[in-house]
Amino acid sequence: MEAEPIASALPQYRPEHLALLDVEALIERLLADEDRAPRELIDECARRGEAMVERLAVLVQDEQDERYWDESGTAGEWWLRLHAVMILGLIPGDRAAALLVSFMRRMHEAHDTDLQDWLSGHWPVLFWNKPEGSVPLLRALAQDRSIDWYTRTQAVECLMAAAQRQGAAALDTELDWVARLAADEAEDWTLRLASACSLLDFPRERHRSFIEKLAQRQSQAEKYYDDGDIERAYAIGKDMPQWDSLGDPWKFYQPQAIAERQARWAQEDAESEDDDLPDDMALPFVRVAAKVGRNDPCPCGSGKKYKKCCLLDED
């Protein structure tokens, strides 16, 4: 039975109608709604538990089905990748945790930086309800030098968050492991900087000297943090992980967030059409800045990564 959307500018579904759909019909709704899928649809998918996990595994485990990851796929198939991660983040259990790690690896293999940007910083929360069995999988990902530094950094943050949930002793042990990773001269330089930057979210006096020395070795173009950041972190002296400042990943599905995205896409489409007009036919407009990736240099000119600068103020 098909669930009919409630009459609205944005998709809405009555829970009793969604409850009548099978897993495949729910996936079809996600494909059709693209980035307009509402929270009630995501929640219903999560309620299907292991059946939904098995269905979503096809996206990363079926090597014969690449349409979700190549450029020939539809917009709905692209957005399904993000929905899958968000749904898995709501489903507890080992299988959902393992599949989340598989998605992290698959994003790296597909060089899907756009999807990485949408999810950046939210991974610790997506693993929040997962059992301790996910820790070895995340550590294997964090230590895999064949994986790009960015994906490994996300895994490192998940490990820090998992240790934080276990208590002060476990957290301190994990922070010392991150410090050793950042100090490893054989490691990727950007991974080392990102790891040291993460340590500033959990300022421990025993790490300060090392963090300061690493800061002095940064170039202006790759600066993740500076002396001022170090001073502020240690002056505050509190654990302030980035994932707390970013908040709820599922706010992506709030009606206001959906509406704002549609307005943004419409404006970008209009600007693109105007750019295609001959010069004497182009209409005046005020161009908004292009989307800044979380790991791009901050447009304010600070020299820091966007996610460690003005993005925090926006969130």
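Quick note: residue numbers are just sequence positions, from 1. All figures in this text were calculated on a predicted structure; none of them were measured in a lab.
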Sub-4.5 Å side-chain heavy-atom contact between Y253 and D43: no

Neighbour count >12 (heavy atoms, 6.0 Å) for atom CD, E54: no

Approximate separation, where rounding is to 0.5 Å, of L59 CG and H83 NE2: 11.5 Å

Partners meeting side-chain hydrogen bond (donor to acceptor under 3.5 Å, both in side chains) with D188 (sequence neighbours left out): none

Electrostatic pair E44-R14, nearest N-O below 4.0 angstrom: no

With sequence neighbours excluded, residues passing ring-ring contact (aromatic ring centres under 6.0 Å, His included) with W79: W118, F252

Test side-chain hydrogen bond (donor to acceptor under 3.5 Å, both in side chains) applied to T151 and E109, Q116, R106, R105, the passing residue: Q116

E24 atom CD, over 12 foreign heavy atoms within 6.0 Å: yes

W78 side chain reached by E34 side chain, heavy atoms, under 4.5 Å: no

Salt bridge flag under 4.0 Å for residues R264 and D35: no

Residues Q218 and D226: side-chain donor-acceptor under 3.5 angstrom: no

Approximate separation, where rounding is to 0.5 Å, of S134 OG and L141 CG: 11.5 Å

Atom of R165, atom of P124 and distance for their closest heavy-atom approach: NH1-O, 4.2 Å

salt_bridge(R180, E187) N-O dist < 4.0 Å: no

Neighbour count above 12 (heavy atom, 6.0 Å) for E132 CD: no

Charged N-O contact under 4.0 Å between R204 and D239: yes

Close side-chain approach of L199 and Y225, heavy atoms under 4.5 Å: no

Side chain T153, main chain W149, donor-acceptor under 3.5 Å: yes

Interatomic spacing from CG in L56 to CG in L100 - rounded to 0.5 Å: 10.0 Å

Side chain proximity check, Y150 to D117, heavy atoms < 4.5 angstrom: yes

Cationic N near anionic O, under 4.0 Å, R48 to D22: no

NZ/NE/NH1/NH2 to OD/OE distance under 4.0 Å, D144 and R139: no

CD-CH2 distance between Q164 and W128, expressed to the nearest 0.5 angstrom: 5.0 Å

Residue pair Q154 / S120, side-chain heavy-atom distance below 4.5 Å: yes

Side-chain donor or acceptor of D33 paired with backbone N/O of R36 under 3.5 Å: no

Heavy-atom side-chain proximity of L181 to V156 below 4.5 angstrom: yes

Lys NZ or Arg CZ of R208 over Y234 ring: under 6.0 Å, within 45°: yes

